[in-house]
**Q** 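Structure in C-alpha cells, see below.
Computation of the quantities below employed the complete heavy-atom set of this structure, encompassing side-chain atoms and omitting hydrogens, waters and symmetry-equivalent molecules. The chains referred to below are lettered A, B, ... by the order of the sequence lines, with proteins before strands, and numbering in each begins at 1.
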Amino acid sequence: MPKAEAIKYFTEKGDEYKLELIDGLEDGSISFYSQGNFTDLCRGPHLPDTSPIKAIKVMSVAGAYWRGDEKRKQLTRLYAITFPKQKELEEYLALLEEAKKRDHRKLGKELDLFTFSEKVGAGLPLWLPKGTALRERLVNFLKTAQEKAGYVQVATPHIGGKALYETSGHWEKYGKDSFQPIQTPQEGEMFMLKPMNCPHHCEIFASRPRSYKDLPLRLAEFGTVYRYEQSGELHGLTRVRGFTQDDAHLFCMPDQVKEEFKKVIDLVLLVFRALDFKEYEVQISLRDKEDRSKYIGSEENWEKAERAITEAVAEKGMKAVVEYGEAAFYGPKLDFMVKDALGRKWQLGTIQVDYNLPERFELEYVGADNQKHRPVMIHRAPFGSLERFTAVLIEHTAGRFPLWLAPEQAIILPISEKFNEQAKQAAELLKDRDIRTIIDERNEKIGRKIRDAEMAKTPFMLIIGEKEAGAGTLSVREHGQGDLGTMTAQQFQALVQERIQASFSGQ
RNA sequence: GCCUUUGUAGCUCAGAGGUAGAGCACUUCCUUGGUAAGGAAGAGGUCGCGGGUUCAAUUCCCGCCAAAGGCUCCA
C-alpha cells in the first residue's frame with residue numbers, strides 16, 4: 001500500500017500509534033495483513049496461514065511502554081502462546097511447571113537458605129545458616145583461587161563520604177536514585193552507603209606512592225554494596241538492594257591491560273567450570289551508539305578500553321555477542337550471561353576496563369623512566385554477586401548442590417532411638433574427617449527419615465542400625481541413587497573426597 | 001517507578017458482611033520400626049498495615065507495605 005493511502009486509512013481509524021509507525025517507514029515498504037475481517041499494519045508474514053494454530057493460551061497481561069520508552073504512555077500488552085496441537089501446549093505448560101519447581105525463591109525457602117522480612121526491607125536478603133554455609137564455601141573457593149592468581153585482600157567500610165562519589169561520578173549519575181546520604185550530628189557532613197567498592201579501592205591505591213614494580217596491584221574484597229533498585233525490579237536473590245560483590249580492582253600499566261584481562265577471563269571460566277555452568281553467553285557491552293551523554297571520559301580512553309576487551313576476547317578465541325548501550329558509565333564490559341530456570345538472562349561474571357576513574361582520582365605510579373604515569377583499572381567480579389550467583393546456582397542444580405558446596409554433606413539416620421548414641425559417635429568421627437554431618441535423632445521410622453533426607457536433598461544418608469553398630473560400619477545411601485552398601489567411616493571419607501575431586505577435574 | 005494480579009497458621013491453600021478451617025510442619029504420648037510419609041492427642045491466627053462505610057469488616061471502599069508476571073532501569 002502506498003504511504004499516503006496507509007496514512008489515510010489510519011487517520012480514518014483514528015489510530016495515532018500506527019500513524020507514528022508509518023511515519024518512520026519507507027514508502028513502498030508498507031504492508032498490511034488480514035485475518036477474517038481484521039486488517040492491520042504488519043511487517044509479516046509470521047505464518048503462511050492460521051491452520052497450524054490449534055491450541056491457544058493467554059499467558060499474561062502487562063503494561064508495556066509505547067516503543068519501550070518509559071516517558072511515553074503505557075499500553076496493555078497481551079502475551080499468548082499457540083501450538084499446532086493441544087498436547088504440545090500441555091507439554092509446554094508442564095515444562096513451565098517443572099521450571100517453577102527450580103525457582104530459587106521456592107527452593108531457598110524449602111532448603112532454609114535465605115529469607116526476607118518486611119521489617120528489614122524489600123530486597124534485603126537474610127541469609128540463613130545453611131545458605132550462609134553455602135555462601136562461605138563459594139567465598140573460600142574464590143579466595144583460594146585469587147590468592148594463587150596474585151590478588152591481595154582488602155577490607156573497606158560500608159559507607160564513604162559523599163565527596164568520594166562526587167569524585168567518582170557516581171553521585172552525579174545515580175545520586176537521586178540511590179539511598180540518600182546519611183547525616184551526622186556534624187552540620188553538613190554526609191556519608192553514602194557504598195554502591196560500589198571501586199572508589200574505596202582507588203583511595204587504597206592512592207594511599208602511598210606506587211612504583212611500576214608494584215603493578216599490577218590486585219585488590220580484592222567481598223564488598224557489600226547498597227543500591228536503591230526500583231521496587232518493580234526486585235526479584236528474589238537475583239535483583240536486590242543490598243548484596244556482596246566478589247569484587248577486585250586491578251591497577252596496571254597500560255601495556256599490562258590485555259594480559260591481565262585475559263587472566264581474569266581464565267578466572268571467570270575456572271569458576272564457571274567448577275560450578276558446572278556450561279551454557280553461558282559472553283557479551284561485549286559497549287556504549288550506546290547515539291547517546292554518548294551517559295558516559296564519562298574521553299573518546300580516546302573509551303576506544304583504548306574497547307580495543308583491549310575486543311582483542312583479549314579474540315585472542316582467547318571466544319565467541320562473543322556485542323551489545324551496544326550496555327557499558328558501564330565509566331567503561332566497557334565483558335559480561336558473562338547465564339539463564340535462570342525460566343530462560344531469563346542474568347549477568348553474572350563481569351570484567352570492565354576503566355581509563356576514567358584513575359583519571360578522576362588522579363591515580364599515579366612512578367615508571368621505570370622515573371616519570372609519573374596513570375594506571376588503568378580493571379574492575380572484575382567472577383560471580384558478579386554472591387546473591388545472584390547463588391540464585392542461578394540453585395536454579396541450575398535444582399537445589400542438588402555439588403558435594404563440596406552442600407550445606408550438609410551427610411545425614412546419619414539411626415534405625416531407632418537405640419542407636420542415637422552410636423550415631424553421635426559416628427558423626428564426631430566424620431566431622432573430624434571434615435565431612436559436614438548432621439543426625440536425624442527423631443523418633444521416626446527409617447523410611448520416614450530417608451524420605452525427609454531425600455526431600456532435603458542431602459547428598460548422603462548414613463544408616464546405623466544393629467548390623468552397623470556391631471560391625472562399626474555405615475550403610476550409605478546416595479541422594480537420588482539409592483543404597484550403595486555398607487562401608488567404614490574411612491571408606492566413606494575416601495568416597496566423598498573422590499567425588500569432590502571428580503567435580504573439580506571436570507569428571 | 002509504571003501496568004495487571006495477589007496477600008488467611010511456620011509451609012501449601014480453602015472460606016464467608018455476624019470476630020475462622022484443611023493438609024503438612026510443630027509439641028506430648030504410644031510404637032523401637034531396615035531404605036521415600038506408623039498411630040493418637042494437643043498447641044498454634046491482631047485474616048499484610050492504616051483509615052473509611054456499616055449495628056457489625058478478615059470479607060465492601062480508599063491509602064500504604066510486600067509479593068508474582070511484564071515494561072522501564074541496572075554503577
**Q** Please name the residue in the list A/His158, A/Arg241, A/Lys194 that meets the side chain to side chain donor-acceptor pair (under 3.5 Å) test with A/Tyr226.
**A**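 So, applying the side chain to side chain donor-acceptor pair (under 3.5 Å) to A/Tyr226 and each of A/His158, A/Arg241, A/Lys194, only A/His158 qualifies.
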**Q** To the closest 0.5 Å, what do you measure between CD1 (A/Ile378) and NZ (A/Lys263)?
**A**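 One finds 9.5 Å between CD1 of A/Ile378 and NZ of A/Lys263.
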**Q** Could you check how far CD of A/Glu421 sits from C1' of B/rU32, rounded to whole Å?
**A**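 Distance check: A/Glu421 CD to B/rU32 C1' gives 16 Å.
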**Q** Could you check which of B/rC74, B/rA67, B/rA36 has an atom nearest any side-chain atom of A/Arg227?
**A**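 For A/Arg227, the side-chain atoms sit closest to B/rC74.
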**Q** Excluding sequence neighbours, so at least two apart, what forms salt bridge (charged side-chain N to carboxylate O under 4.0 Å, His left out) with A/Lys106?
**A**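 In terms of salt bridge (charged side-chain N to carboxylate O under 4.0 Å, His left out), with neighbours along the sequence ignored, A/Lys106 is linked to A/Glu110.
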**Q** Tell me if the side-chain of A/Tyr65 makes a donor-acceptor pair with the base of B/rG1, cut-off 3.5 Å, by modelled atom types.
**A**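 Looking at the base of B/rG1, it does pair with a donor or acceptor on the side chain of A/Tyr65 (distance under 3.5 Å).
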**Q** With distance as the sole criterion, is a donor-acceptor pair present between the side chains of A/His249 and A/Asn197 under 3.5 Å?
**A**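 No donor-acceptor contact under 3.5 Å links the two side chains.
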**Q** When we call it a touch if two heavy atoms are under 4.0 Å apart, what does A/Glu172 touch: a base, just sugar-phosphate, or nothing?
**A**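 No contact.
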**Q** In whole angstrom, give me the gap between the C1' atoms of B/rA68 and B/rU53.
**A**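 Looking at atom C1' only, B/rA68 and B/rU53 are 31 Å apart.
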**Q** Between the protein and nucleotides 3-12 of chain B, list the N/O to N/O atom pairs that are separated by less than 3.5 angstrom.
**A**
{"residue": "B/rC3", "atom": "O4'", "partner": "A/Gln74", "partner atom": "OE1", "Å": "2.5"}
{"residue": "B/rC3", "atom": "O2", "partner": "A/Gly63", "partner atom": "N", "Å": "3.1"}

**Q** Should A/Ser231 be listed as having a side-chain N or O under 4.0 Å from OP1 or OP2 of B/rG1?
**A**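 Indeed, a polar side-chain atom of A/Ser231 lies that close.
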**Q** Between A/His235 and B/rG69, is there a contact of a side-chain N or O with OP1 or OP2 at under 4.0 Å?
**A**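 True: A/His235 side-chain N/O within range (under 4.0 Å) of B/rG69 OP1/OP2.
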**Q** In whole Å, what separates the C1' atom of B/rU59 from that of B/rG45?
**A**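 So the two C1' atoms sit 16 Å from each other.
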**Q** Could you state the CZ-P distance from A/Phe179 to B/rG1, rounded to the nearest angstrom?
**A**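 These atoms are roughly 12 Å apart.
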**Q** I'd like the C1' distance from B/rC60 over to B/rG1, given in whole Å.
**A**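 Nearest-Å result for B/rG1 against B/rC60 at atom C1': 29 Å.
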**Q** Measuring only the C1' atom in each nucleotide, how far is B/rG7 from B/rG48? A whole number of Å is fine.
**A**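 So the two C1' atoms sit 6 Å from each other.
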**Q** Could you list all the salt bridge (charged side-chain N to carboxylate O under 4.0 Å, His left out) pairs where at least one residue sits in residues 111-131 of chain A, not counting sequence neighbours?
**A**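 Output for this query lists A/Lys130-A/Glu408.
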**Q** What's the OH-C1' distance between A/Tyr226 and B/rC74, to the nearest Å?
**A**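 Value for this atom pair: 18 Å.
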**Q** Using a 4.5 Å cut-off on heavy atoms from C-beta on, say whether the side chain of A/Tyr280 contacts that of A/Met337.
**A**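 Heavy-atom side-chain distance check fails, nothing below 4.5 Å.
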**Q** Please list, one pair per line, the donor and acceptor atoms closer than 3.5 Å that link side chains of residues 454-467 of chain A to other protein atoms, with sequence neighbours excluded.
**A**
{"residue": "A/Glu454", "atom": "OE1", "partner": "A/His479", "partner atom": "ND1", "Å": "3.1"}
{"residue": "A/Glu454", "atom": "OE1", "partner": "A/Gly480", "partner atom": "N", "Å": "3.2"}
{"residue": "A/Glu454", "atom": "OE2", "partner": "A/Arg477", "partner atom": "NE", "Å": "2.9"}
{"residue": "A/Glu454", "atom": "OE2", "partner": "A/Arg477", "partner atom": "NH2", "Å": "3.0"}

**Q** Does A/Glu229 contact B/rG1 through a side-chain donor or acceptor facing the base, at a distance under 3.5 Å?
**A**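 There is none.
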**Q** Rounding to a whole Å, what distance do you find between A/Gln283:CD and B/rC74:C1'?
**A**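 Atom-to-atom, A/Gln283 to B/rC74, this comes out as 13 Å.
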**Q** Just jot down the salt bridge (charged side-chain N to carboxylate O under 4.0 Å, His left out) partners of A/Lys162, sequence neighbours excluded, or say none.
**A**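 A/Lys162: salt bridge (charged side-chain N to carboxylate O under 4.0 Å, His left out) contacts with A/Glu166.
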**Q** When the nearest nucleotide of RNA chain B is assigned to A/Asp69 and to A/Cys198 on a heavy-atom basis, which residue is associated with the more 5' position?
**A**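 Of the two residues, A/Asp69 wins.
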**Q** Send over the distance from A/Phe329 CZ to B/rC73 P, rounded to a whole Å.
**A**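 Whole-Å distance recorded here is 17 Å.
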**Q** Say you draw a straight line from CH2 of A/Trp66 to CD of A/Glu20; how long is it, rounded to the nearest 0.5 Å?
**A**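 Answer rounded to 0.5 Å: 5.5 Å.
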**Q** Select from A/Trp66 and A/Ala327 the residue whose nearest nucleotide in RNA chain B is closer to the 5' end of that strand.
**A**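 The residue mapped nearer the 5' terminus is A/Trp66.
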**Q** Say we look at B/rG51 and B/rA20: how far apart would their C1' atoms be, to the nearest angstrom?
**A**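 B/rG51 and B/rA20 have their C1' atoms separated by 24 Å.
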**Q** Across the strands shown, which category fits A/Arg239 at heavy-atom distances under 4.0 angstrom: base, sugar-phosphate, nothing?
**A**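 Counting heavy atoms under 4.0 Å across all strands, the contact made by A/Arg239 includes a base.
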**Q** To the closest 0.5 Å, what do you measure between CD (A/Gln422) and CD1 (A/Ile415)?
**A**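 One gets 12.0 Å once the value is rounded to the nearest 0.5 Å.
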**Q** Once you apply a heavy-atom cut-off of 4.0 Å, does A/Ser475 come out as touching a base, just sugar-phosphate, or nothing?
**A**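 It contacts base atoms.
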**Q** Whether A/Arg448 contacts B/rA36 is assessed here as follows: a side-chain N or O lying under 4.0 Å from the phosphate OP1 or OP2. Is that the case?
**A**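 Negative; the distance criterion is not met.
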**Q** Return yes if some donor-acceptor pair links the side-chain N/O of A/Thr397 with the main-chain N/O of A/Gly399 below 3.5 Å, else return no.
**A**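 Judged by distance alone, yes, a pair lies under 3.5 Å.
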**Q** Ignoring hydrogens and angles, state whether a donor on the side chain of A/Asn301 or A/Glu359 is under 3.5 Å from an acceptor on the partner side chain.
**A**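 Yes, a side-chain donor-acceptor pair sits under 3.5 Å.
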**Q** Taking a pair as Watson-Crick (N1 to N3 plus N6-O4 or O6-N4) or G-U wobble (N1-O2 and O6-N3), both under 3.5 Å, which stems of 3 or more consecutive pairs involve RNA chain B?
**A**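 If one scans RNA chain B for consecutive Watson-Crick or G-U pairs, the stems found are B:1-7 with B:65-71, B:10-13 with B:21-24, B:26-30 with B:38-42, B:48-52 with B:60-64.
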**Q** Atom CZ of A/Arg442 to atom P of B/rU32: distance rounded to whole Å?
**A**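 Those two atoms, CZ and P, are 18 Å apart.
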**Q** Mind running a 4.0 Å heavy-atom check of residues 88-107 of chain A against RNA chain B and sending the residues that fall below it, in number order?
**A**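 Going residue by residue through residues 88-107 of chain A, the ones with a heavy atom under 4.0 Å of RNA chain B turn out to be A/Arg105.
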**Q** Residues two or more places apart in sequence or in another chain: which of them pass salt bridge (charged side-chain N to carboxylate O under 4.0 Å, His left out) with A/Arg400?
**A**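 Per chain and number, A/Arg400 pairs via salt bridge (charged side-chain N to carboxylate O under 4.0 Å, His left out) with no residue.
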**Q** Can you tell me if A/Gln283 and A/Lys333 form a side-chain donor-acceptor pair at under 3.5 Å?
**A**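 Not at all, the side chains of A/Gln283 and A/Lys333 share no donor-acceptor pair under 3.5 Å.
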**Q** Who pairs with A/Arg135 by salt bridge (charged side-chain N to carboxylate O under 4.0 Å, His left out), at least two apart in sequence or on another chain?
**A**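 Salt bridge (charged side-chain N to carboxylate O under 4.0 Å, His left out) check on A/Arg135 returns A/Glu387.
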**Q** For the P atoms, the ones on B/rA14 and on B/rA9, what distance do you get once it is rounded to whole angstrom?
**A**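 To the nearest whole Å, 12 Å.
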**Q** Just checking, is any N or O donor in the side chain of A/Thr224 or A/Thr244 under 3.5 Å from an acceptor N or O on the other one?
**A**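 A/Thr224 vs A/Thr244: donor-acceptor pair found between side chains.
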**Q** Taking the six-membered ring of A/Phe251, is NZ or CZ of A/Arg218 closer than 6.0 Å to its centre and within 45° of its axis?
**A**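 No, A/Arg218 does not sit over the ring of A/Phe251.
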**Q** For A/Leu124 and B/rA67, give me the distance from atom CG to atom P, rounded to whole Å.
**A**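 Answer to the nearest Å: 10 Å.
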**Q** Heavy atoms under 4.0 Å, any strand shown: does A/Gly68 hit a base, just sugar-phosphate, or nothing?
**A**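 Sugar-phosphate only.
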**Q** Expressed in whole Å, how much space separates the C1' atoms belonging to B/rG15 and B/rU58?
**A**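 Here B/rG15 and B/rU58 have their C1' atoms 11 Å from each other.
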**Q** Please list residues of residues 330-358 of chain A whose heavy atoms come under 4.0 Å from any atom in RNA chain B, ordered by number; otherwise none.
**A**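 The answer is A/Tyr330, A/Lys333, A/Arg344.
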**Q** Name the residue from A/Tyr330, A/Trp302, A/Phe329 that meets the ring pair (Phe, Tyr, Trp, His ring centres under 6.0 Å) definition with A/Tyr295.
**A**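 Of all the options given, the one that passes is A/Trp302.
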**Q** Name the atoms and distances for all side-chain donor-acceptor pairs under 3.5 Å in residues 90-100 of chain A, with sequence neighbours left out.
**A**
{"residue": "A/Glu90", "atom": "OE2", "partner": "A/Gln86", "partner atom": "NE2", "Å": "3.4"}
{"residue": "A/Glu91", "atom": "OE2", "partner": "A/Lys87", "partner atom": "NZ", "Å": "3.3"}
{"residue": "A/Glu98", "atom": "OE2", "partner": "A/Lys101", "partner atom": "NZ", "Å": "2.9"}

**Q** Among residues 454-467 of chain A, which ones have heavy-atom contacts with RNA chain B below 4.0 Å?
**A**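 Residues of residues 454-467 of chain A under 4.0 Å from RNA chain B: A/Glu454, A/Ile463, A/Gly465, A/Glu466, A/Lys467.
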**Q** Looking only at atom C1', what distance separates B/rG10 and B/rA25, rounded to whole Å?
**A**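 So the two C1' atoms sit 7 Å from each other.
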